[in-house]
Number of protein chains: 2
Amino acid sequence: MSNGISLKELAAELNLAPSTVSRALNDSYEISEATKKKVVSMAEKLNYQPNPFARSLRENKSKTIAVIIPERINNFFAQVMDGIEEVTHEHGFHLLVYSTHEDVEKEKKIVSLLQNRRADAIVMSVSSQTSDVSHLTKLYERELPIIFFDRICSEIPTTKFITNDYESAFQGTKHLIQQGCKKIAFLMLSKELSITKERHRGYLDALNEAGLAPEPTFSMHCCLNEEENIQSITQLLKSQNRPDGILSSVEKLAIATYHAVRKTDLRIPDDLKIITFSNMSSAGLLSPSLSTITQPALTIGQECAKLLIKKLTKPKHTDLIDQTIVIPSQITIRESTLVR
Amino acid sequence: MSNGISLKELAAELNLAPSTVSRALNDSYEISEATKKKVVSMAEKLNYQPNPFARSLRENKSKTIAVIIPERINNFFAQVMDGIEEVTHEHGFHLLVYSTHEDVEKEKKIVSLLQNRRADAIVMSVSSQTSDVSHLTKLYERELPIIFFDRICSEIPTTKFITNDYESAFQGTKHLIQQGCKKIAFLMLSKELSITKERHRGYLDALNEAGLAPEPTFSMHCCLNEEENIQSITQLLKSQNRPDGILSSVEKLAIATYHAVRKTDLRIPDDLKIITFSNMSSAGLLSPSLSTITQPALTIGQECAKLLIKKLTKPKHTDLIDQTIVIPSQITIRESTLVR
DNA sequence: AAAAAAATCGCAAACGTTTGCGTATTTAAA
DNA sequence: TTTAAATACGCAAACGTTTGCGATTTTTTT
C-alpha cells in the first residue's frame, strides 16, 4: 500500500467506468445520488488520493502560488507569508516559497524556474539589487498572474500592495524634528528600491517643510554586509558634523546603528534619536526601546492572496489592473526618540 | 505566446519525433551531437519550458520537498528554512512550505494534503499540541520519506536532527546555579514535546547534581497565548516563594518573562536571572541583553536537506535509518545572567 | 565484399486525470 | 400507447512528458 490507489483501480473495484467515478467524486449532476454514495464511501475506504500532477496536467493549473521574498529572517516578510498562507490555505492552495537573499542573480534563476507554470501565480517583493527587470517582464508577457508588495516593480502593469511609505517617512522625520533633531540622517539600502525612493522623498519633504537643509552626506546608502554597515555608520556618528537623528528605512540598518552606537560614547536618545521601519516584535524590549514604523504585514499578505485567489478562481471577472493599493503603517513612539 | 511551446510543437518545428527531441534535451547517448545542437538551439530560440506536471506524472516524482513548521515568525525556523533551501535549491528542488501555527488540527489537514505525493519528501517539526501521531504514521506507511528536526516524533522510525537539548539545558541551569541562583524555574510549552522532555531532564539533573531540590510549581508549562503567559509568569514572580532564576525552553517564554518582569519591581539580573533557548538575532540588544542557548539552525536545515536529497537521488543506496543526529548548541552569556 | 555491430531515430504506450459525446434506460408528456 | 425528454453511465481522447522497442542507416569487423 505504498503508492496509493488510482482512479482506474478504484473504478474497477466498483465495476464502474473511470469517468463515472471521476464525476461522482466531483459531485457532477450526471451521477445518481446512489452511486455517488457508493463511490465516495469506497474512495474513503481505500483512501483514494487523486494524483495532483495528472490533474494539473489535464486542467492546466496546479492550485499553487509562488512567493518570492528577498529574505526570510525578517519578521515583516514572515508576517506577510502568514497572511498569504492564511487565505490561500483556506482555498486549498499550496505555497512554493523562494528567498532571493537580496541577490538579483538568484532572483532571475528562480523566476526562470517559474516560467513553466509550476505555479499558477506569483506574489513577490524584489531584491535590493534589482534594477533591470527584464526577467520580470518576461513573466508578465507569459501571462503569469503576478503581483508585488512592499518592494514593487513599477514597470510591470499589475496590482501592487504597499504601505504609505512616503507619508510614514514624512511623519517619522517630522516626529524627529519635533523631538528637537536638527541634523537628521536617512539610512537606506539600494537607491533603486521603490521603498527607498518613496521613503527618501518623505524624509526630504519633511526636512523641507521644517526649513532644514538636507545634508547630502546624511542620505547614506548601505550594503548588505552588517559588519560593513556598522563600520560606516560608526564613522558617520564619529564624524565632526554628526547627525542627531536617524530615520532608517529598514530594520536591518537600525539594528546596525544600535551596534554602531555602542562603539561610540553617544547615547540614545540623549545624543542621537532614531526611528525605523520595522516589524520586529521585540522592539519594545530593546535597550533603549526602539520607535518604529510598523507595516500592516499580515494584512498586506492577506490582501495579496485574496486578489490572486479571486483572479485564479474567476479569471474572467477580475483583472490585475495597474494600481498601487496603499495600506497605512502604524507609528509607535518609544524611548529611542524621547526628549531628555 | 502566452502558454509557451510543447515538446510536440518543438519537434514539429524541427521535423523530428518528440521522442528524439526529448532524448536530445536529456542528453541521451542515442542521439547524435549534430541533432542535439539543433534541438538545443531551437529550444532556446523558442524558449521551450518542459511542463513539470507531465514530467512528474510520468516519472512519479516532482522535485519538490514539503516543509512543515509550527510557526514562521521565529528566527530559528526561518534559519532552518534558509538552510534547507540552500541545499535543495542547489539540486533543483522546490520547497512547499506550511505553517501549522502550533495547531495539531491544521497539522493533520496539511499532512493529509501531502498523502498524494505532491511532494517527494517531507521535513517537519511537529506542533506543540501533537500527541497523537497517527496522521504521521500514515504518511510513513505510505513510504513517503520523512524526517524530523527540533520537535521530533520518536514513534516514527526515521532520521531526526536535533540539538543537544539535554546537555544544553543541563549546562544552562548549571550556569544559573554558578551565578548564585537557588530557586530555578523551568518554562515550557506542551509537556508532550520532545524538546521540553529532554530539556526538562537536563534541568532536573543539573538541579540534582547541585543538591537543589526541584520545586514542582517551578516547572511551569505555559500556553500559546502571550498575554496569558505574561499573566501567569507575573503571578509566579510575585508569589511568596518566587524563583531567582529561569531556564526558558523556548524564546517566546523568555520574551513573556521580560514583559512580566516589567509588571513587577524586580530587575534582571539583580533579582532574577534568565537564560533561554533562542535564535533571536537581537538578543544582545535587549534590555538587559539576554543570555541564550543558540541552536545551529542553518546547519540543521542543511543536514536535513542533504540527507533527503541523497535519499531522493540515490534511493537504493541510502536509508532513512532510525537514528537521532545531535548537533550541539552554543551558549552565549550576556547581562541577563550576570552577578551583581 | 559480406556480415556483424554500432549509431541514430521513430512509433506507440504509459503515467492518472477530466470531459465531450454517444448510448441505453427510465420518466414525463402527448 | 407512442413519443419526447430527462437521467445515468461508458468510451475515448486529451493534457505533455519519458522510454522500451523496433527499424533504418552507417560504421566496423572478418
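Naming convention: chains lettered A, B, ... in sequence-line order (proteins, then strands); numbering from 1 in each chain.
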**Fill in**
A:I31 atom CD1 is separated from C:dT25 atom C1', nearest whole Å, by 14 Å

**Complete:** B:E30 atom CD is separated from C:dC9 atom P, nearest whole Å, by 10 Å

**Prompt:** Ion pair present between A:D120 and A:K61, side-chain N to carboxylate O less than 4.0 angstrom?
**Reply:** no

**Asked** Which part of the nucleic acid, if any, lies within contact of B:T35, taking any heavy atom under 4.0 Å across all strands shown: a base, the sugar-phosphate backbone alone, or nothing?
**Response** sugar-phosphate

**Request:** Find the distance A:E33:CD to D:dA8:P and express it as a whole number of Å.
**Result:** 8 Å

**Asked** Rounding to a whole Å, what distance do you find between A:Y29:OH and D:dA8:P?
**Response** 11 Å

**Message:** Do the side chains of B:K36 and B:E33 get close enough for a salt bridge, i.e. N-O under 4.0 angstrom?
**Reply:** yes

**Prompt:** Can you tell me if NZ on A:K108 sees more than 12 non-hydrogen neighbours from other groups inside 6.0 Å?
**Reply:** yes

Just the atom pairs and distances: protein N or O near nucleotides 12-17 of chain C's N or O, under 3.5 Å.
unit_1, atom_1, unit_2, atom_2, d
C:dA14, N3, B:R58, NH1, 3.3
C:dG16, N2, A:A54, O, 3.4
C:dT17, OP1, A:Y48, OH, 2.9
C:dT17, OP1, A:N51, N, 3.2
C:dT17, OP2, A:L7, N, 2.6
C:dT17, O5', A:Y48, OH, 3.0

**Salt bridge present between A:E303 and A:K306 (N-O < 4.0 angstrom)** = yes

**Message:** Base, sugar-phosphate or nothing for A:N15? Non-hydrogen atoms, less than 4.0 Å.
**Reply:** sugar-phosphate

**Request:** Check the side chains of B:H101 and B:E71 for a donor-acceptor pair under 3.5 angstrom, ignoring hydrogens and angles.
**Result:** no

**Prompt:** Please give, in whole Å, the distance from D:dT19 C1' to B:L25 CG?
**Reply:** 15 Å

**Prompt:** Salt-bridged, A:D322 to A:K160, with N to O below 4.0 Å?
**Reply:** yes

**Fill in**
From CG of B:N60 across to C1' of D:dT19 the rounded distance in Å is 15 Å

